[in-house]
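Counting starts at 1 for both ligands and their atoms, in listed order. Note: hydrogens, waters and symmetry copies are ignored here, and every other heavy atom, side chains too, is used.
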Amino acid sequence: MNRQGKKIALYNRIYKQLQEMLSDNPDVISRLATINAILYHKIPYFFWVGFYILHEDNLYVGPYQGPLACQVLPYHKGMCWKCVTGKKTIIVDNVHEMKDHIACDARSKSEIVVPVFDEYKNVIAVLDVDSDSPQAFDNQDDKGLTQITELIRW
Ligand code: SME
C-alpha cells in the first residue's frame, strides 16, 4: 500500500473507533478530549492537536494534546482565524514562511486547521493540528479530519 493508501486506511480506522466510542457520550468536552487523545496517539506526524473555541471575538484553546499552546488567539490574527472567517480548511506547508501565522511552539513546521460547524452551519470552533515535519498535511488529512469533526455534535 502506498503512503496515501495508508493514510486513508488509518483515518478510516480512527473514524470507526471514534464513531463507536462517542456514540453514547452526551458530554461535548469529553468528546473533544477523546478525539484529541485518539488522533495524537494514532497519527505519528501529529505534534500538537486541539480545538480552539470561538467565544466573544476570541478563540480560546479547548481540549488538546501536545506541548503547551497559546490560550487565546486574538481577533482576526493567525491561521485559526483565517479558517473561521473563510469557513474552510487551511493547509500550511511551511509555517515559517507564513507572515500571519501565530507560533505557539517553534518546533511546529506545518499546520492544518479544519472548521467545526454547529447545526446552523456557523463556525463555532476549529480543529487545529501542527506537525514538526514540513508539508505533513494534504487533502486526505482534510477529508479525514472533516469527517471526524462531524462526530462532535456540539
Ligand atoms: N498556529 C495557530 C495558533 C495555534 S497553535 O498552532 C497551537 C494560528 O496561527 O492560528
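In summary, the side chains of Asp142 and Thr89 do present a donor paired with an acceptor at a separation below 3.5 Å, with no hydrogens or angles considered. A donor-acceptor pair shorter than 3.5 Å can be found between the side chains of Asp141 and Tyr11.
Below 3.5 Å of separation, one finds no N or O of Trp81 facing any N or O of ligand 1. On a distance-only criterion, Cys80 and ligand 1 share at least one N/O pair closer than 3.5 Å. Considering backbone and side-chain N/O atoms, Trp48 never comes within less than 3.5 Å of an N/O atom of ligand 1. Polar contact with ligand 1: absent for Lys77 (N/O pair, distance under 3.5 Å). On a distance-only criterion, Glu111 and ligand 1 share at least one N/O pair closer than 3.5 Å.
Interface atoms of ligand 1 facing His101, defined by a heavy-atom separation under 4.0 Å, are 1 (N), 9 (O). Distances below 4.0 Å separate heavy atoms of Gly78 from the following atoms of ligand 1: 9 (O), 10 (O).
At least one donor-acceptor pair under 3.5 Å links the side chain of Ser23 to the backbone N or O of Glu20. Checked by atom type and distance alone, the side chain of Ser110 pairs as donor or acceptor with a backbone atom of Ser133 at under 3.5 Å. Without hydrogens or angle criteria, Tyr64 side chain to Ala69 main chain gives a donor-acceptor distance under 3.5 Å. Side-chain atoms of Trp48 come within 3.5 Å of backbone atoms of Pro67 as a donor-acceptor pair (strictly under, hydrogens ignored).
The shortest heavy-atom distance from Tyr52 to ligand 1 is under 4.0 Å.
For atom 4 (C) of ligand 1, the nearest protein heavy atom (residue, atom name, distance) is Asp128 OD2, 3.3 Å. In terms of protein heavy-atom proximity, atom 8 (C) of ligand 1 is nearest to Met79 N, 3.3 Å. Taking atom 6 (O) of ligand 1 as the reference point, the nearest protein heavy-atom neighbour is Asp130 OD2, 2.9 Å. Of all protein heavy atoms, the one closest to atom 3 (C) of ligand 1 is Ile102 O, 3.5 Å.
The closest side-chain heavy-atom distance from Ile152 to Phe51 is below 4.5 Å. Under the 4.5 Å side-chain criterion, counting only non-hydrogen atoms from C-beta, Leu151 is not in contact with Arg31.
Contacts with ligand 1 closer than 4.0 Å are made by no heavy atom of Asp105, backbone or side chain. Only the side chain of Cys104 comes within 4.0 Å of ligand 1, counting heavy atoms alone; its backbone N, CA, C and O stay farther away.
Ion pair Asp130/Arg107 not flagged as a salt bridge, since none of the NZ, NE, NH1 or NH2 atoms sits closer than 4.0 Å to an Asp/Glu carboxylate oxygen.
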